[in-house]
Peer 1: 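Quick one: the structure is below, questions incoming.
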Amino acid sequence: MDRLASPERRLVLAAAASALLPMGAARAQAPGSAANIATIGDPGSLDPMPFTADLVSEIDQHIHETLYIFDPSLNFLPVLAAEMPAISDGGKQYVIPLRTNARFHDGGLMVAEDVMASLTRWVRLSPRGKTIADYLEAITAPDAKTVQIRLKRPYAPLLALLAYPNGAAAIMPKRLATAPDPLKEYIGTGPYRFVEYKPDQYVRVVKFPDYVSPPGKPDGYAGERKALIDELRFIPVPNPTTRTDGLLSGQYHFADLLTPESYARLKGNAAVRQGIVQSPNSSIMIFNTKAGVLSNVLLRRAVQAAIAPEDMMAAAFGDGSLWRMEGSIYPKGTVYYDADAPGYNQHDPDKARALIKQAGYDGKPVRFLVTTQYDYMYKIGQVAQAQLEEVGFKVDVQVMDWATLLQKRTNENLWESFIAAHNLVADPTLITIMNPSYPGWWDSPEKRAALSEFVTETDQAKRVAIWKRIQALFYSEVPTIKLGEWFFLYGISSKLNGYTPVPWPCFWNVSLTN
């Protein structure tokens, strides 16, 4: 399939598509403002529920909305809900009043049956929704304006899950939520309506004229949403240099996820602006705990001892102002910050060699999946290969396009490690590696027991104490290594006004000057 083509072929297709798009798109619609957004690649699917890839969330949040969302301070606010939920019975019952003026892109008004069906689909399909399946008793609609979620026992992160636009509890018409998979129509309530998706070429969304925004002052993802640009075109451009060239030439209005080198090229050019998302992202090395070489915890500890995270962060992100060393899973300034990170940044080759010998390592290759579409992943993989081979591992770095990597990592027989990132989330359970169904499949009895205790505890001080135990398990069982924290870099045309830097770029409340 083309969407799983080689990186070189995808680059050629993307460049050709972006060059031809404005003329072709203009024939398909009346003249109006249109913003070209250069993304790191093709999303593969626009179904908002089954996939946790950032690119899917970036595009889909313009089409589908959730009941709640969070602001930059991680406070929760209503979107399709009319108010915050009424929580009772010791945290086992959530009654959610719904807005009565939210309209789907097919013209229908959203009612409780749509929400009930959407949440039911989310629990069935989403890696995030599945986490509440064992706690869920029923989702019901007492009337057209109310949804009720009944739990068997408390689940403290439920509101955070309902508000998270990744693997999202997105609301769609009942007829789609109950239709056979895969999703064949993308109809939501968002400020933009889906028009066209041509794999490896573009995704087009246009302003939804009947959109009714949630109230409130705009604040990150929260508050009022206005579609001020007639059309958004998300164009896959896998090479960061090509994204930057297109931004500088005026071909693109926004270039996502730039390398430090590409970012530096924008300085001093009046036609563009540099941008940094100040919310820290964790750079992480994820291991396959289910099968293969690194299913042996001693060998994961050997990797932990062998690597020098500082070397990796410097290679990937360059300028020291763009990244920092940090072993706590949560960053400083958050309630879950824990400076006790035993095993972080050891760089002890002798210890690594001793662990390799103790484990009886037989020389099978550690298969490392990387992509050049996320430049930092490729660079970290190169440093990891050198440092692991130095202590006696055989390393097979496999370079592929992002869509192929996403597919390949779902098969435990095909890999040992891949590089990923995770942004700041409102609840630790939203971190993907905490989910035993996420690739890596961390699910030891000790972790399972601690996490169960964590999600059923509603007292914040007690939750913090339990989280410290989970972080200690993270460092002893080594399902993943946190390398450090870094900041998203992007470039934006001076013609785009009102953009707010957020981890998943959103373009409501943004205008375009001709």
Side-chain angles (χ1 to χ4, degrees), residues 35-40 43 48 51-79 128 160-170 188 190-192 203 205 213-214 216-229 232 234 243 247 252-258 263 272-283 322-323 330-331 333-334 374 376 420-427 430-432 485-493 496-512:
N36 294 329
I37 300 151
T39 68
I40 64 100
F51 306 103
T52 58
D54 289 338
L55 183 55
V56 177
S57 304
E58 177 180 333
I59 298 172
D60 194 80
Q61 64 185 333
H62 297 84
I63 304 167
H64 292 96
E65 295 179 306
T66 50
L67 293 170
Y68 300 98
I69 199 64
F70 52 88
D71 67 12
S73 299
L74 302 182
N75 300 308
F76 301 114
L77 295 163
V79 180
R128 303 194 188 282
L161 281 166
L162 292 175
Y164 201 50
N166 178 263
Y192 284 89
V203 176
V205 298
S213 170
K217 180 181 177 181
D219 192 11
Y221 299 113
E224 185 179 36
R225 301 175 173 187
K226 290 183 179 180
L228 302 177
I229 301 173
L232 305 176
F234 297 91
R243 291 199 293 277
L247 180 70
Y252 309 129
H253 297 96
F254 189 90
D256 201 7
L257 282 175
L258 298 183
Y263 180 78
V272 298
R273 300 190 303 273
Q274 295 173 304
I276 300 179
V277 181
Q278 292 293 342
S279 178
N281 298 276
S282 295
S283 183
L322 303 177
W323 58 273
Y330 261 71
T334 63
Y374 287 101
Y376 70 91
H422 211 289
N423 56 22
L424 181 61
V425 290
D427 190 274
L430 294 174
I431 300 173
T432 49
E485 295 173 350
W486 56 283
F487 305 98
F488 283 134
L489 304 177
Y490 65 90
I492 187 169
S493 168
L496 278 184
N497 309 296
Y499 177 76
T500 298
V502 285
W504 296 300
C506 61
F507 297 93
W508 54 80
N509 301 331
V510 177
S511 62
L512 178 62

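Excluded from the calculations below are hydrogen atoms, water molecules and symmetry mates; all remaining heavy atoms, backbone and side chain alike, are included.
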Peer 1: Heavy atoms, side chains only, cut-off 4.5 Å: are Leu489 and Leu322 in contact?
Peer 2: yes
Peer 1: Taking the six-membered ring where the residue is Trp, are the ring centres of Phe487 and Tyr263 under 6.0 Å apart?
Peer 2: no
Peer 1: If you round to the nearest 0.5 Å, how far is CD1 of Ile40 from CG of Leu55?
Peer 2: 5.5 Å
Peer 1: Report yes if the side chains of Val425 and Tyr330 come closer than 4.5 Å at any heavy-atom pair, otherwise no.
Peer 2: yes
Peer 1: Run the side chain to side chain donor-acceptor pair (under 3.5 Å) test against His253 and tell me which residues pass, sequence neighbours left out.
Peer 2: none
Peer 1: Checking Glu58 now: which residues fulfil salt bridge (Lys or Arg N to Asp or Glu O under 4.0 Å) with it, not counting sequence neighbours?
Peer 2: none
Peer 1: Closest heavy-atom contact between Gly491 and Leu258?
Peer 2: N-CD1, 3.5 Å
Peer 1: For a quick test of reading the model, state the closest non-hydrogen atom pair linking Leu496 to Arg273 and the distance between them.
Peer 2: O-NH2, 3.0 Å
Peer 1: Could you tell me whether the side chain of Leu162 reaches within less than 4.5 Å of the side chain of Thr66, counting heavy atoms only?
Peer 2: no
Peer 1: I'd like to check the side chain to side chain donor-acceptor pair (under 3.5 Å) partners of Ser57; sequence neighbours left out, ordered by chain and number.
Peer 2: Asn166
Peer 1: So which heavy atom on Ile69 is nearest to which on Ala222, and how close?
Peer 2: CG2-CA, 3.7 Å
Peer 1: For Gln61 versus Arg225, what's the shortest heavy-atom pair and its separation?
Peer 2: O-NH1, 4.5 Å
Peer 1: When you compare the side chain of Val56 with that of Ile59, does any pair of heavy atoms fall below 4.5 Å?
Peer 2: no
Peer 1: Could you give the distance from CG (Asp256) to CD1 (Ile37), rounded to the nearest 0.5 Å?
Peer 2: 9.0 Å
Peer 1: Give me the atom names and distance for the closest heavy-atom approach of Pro214 to Pro78.
Peer 2: CB-O, 4.0 Å
Peer 1: Donor-acceptor pairs under 3.5 angstrom involving side-chain atoms of residues 501-510: please list them, not counting sequence neighbours.
Peer 2:
residue : atom : partner : partner atom : Å
Trp504  : NE1  : Asp54   : OD1          : 3.0
Asn509  : OD1  : Lys226  : N            : 2.8
Asn509  : ND2  : Glu224  : O            : 2.8

Peer 1: Is there a side-chain contact between Phe488 and Asn281 in this structure, where contact means two heavy atoms from C-beta onward sitting under 4.5 Å apart?
Peer 2: yes
Peer 1: Among all residues two or more places apart in sequence or in another chain, which pass the side chain to side chain donor-acceptor pair (under 3.5 Å) test with Asp71?
Peer 2: Asn75
Peer 1: Please name all residues satisfying side-chain contact (heavy atoms from CB on, under 4.5 Å) with Leu74, sequence neighbours left out, ordered by chain then number.
Peer 2: Phe70, Leu424, Ala426
Peer 1: Kindly indicate whether the side chain of Tyr499, heavy atoms from C-beta on, has any atom under 4.5 Å from the side chain of Tyr490.
Peer 2: yes
Peer 1: Quick one: pull up CZ in Arg128 and CG in Leu161 and give me the separation to the nearest 0.5 Å.
Peer 2: 8.0 Å
Peer 1: With rounding to the nearest 0.5 angstrom, report the CG to NE2 distance, Leu430 to His422.
Peer 2: 7.5 Å
Peer 1: Decide if the gap between the ring center of Trp486 and the ring center of Tyr376 is smaller than 6.0 angstrom.
Peer 2: yes
Peer 1: How far apart are the C-alpha atoms of Gln278 and Ile276, what are their side-chain angles, what is the distance that settles it, and do they pass the side-chain contact (heavy atoms from CB on, under 4.5 Å) test?
Peer 2: CA-CA 6 Å; Gln278 292 293 342; Ile276 300 179; 3.8 Å; yes
Peer 1: Answer yes or no: is there a side-chain heavy-atom contact under 4.5 Å between Asn36 and Phe254?
Peer 2: no
Peer 1: Please find the pair of heavy atoms, one from Arg243 and one from Ala255, that lie closest to each other, and give the distance.
Peer 2: O-CB, 3.8 Å
Peer 1: Would you compute the distance between atom CG of Asn423 and atom OG of Ser282 and round it to the nearest 0.5 angstrom?
Peer 2: 9.0 Å
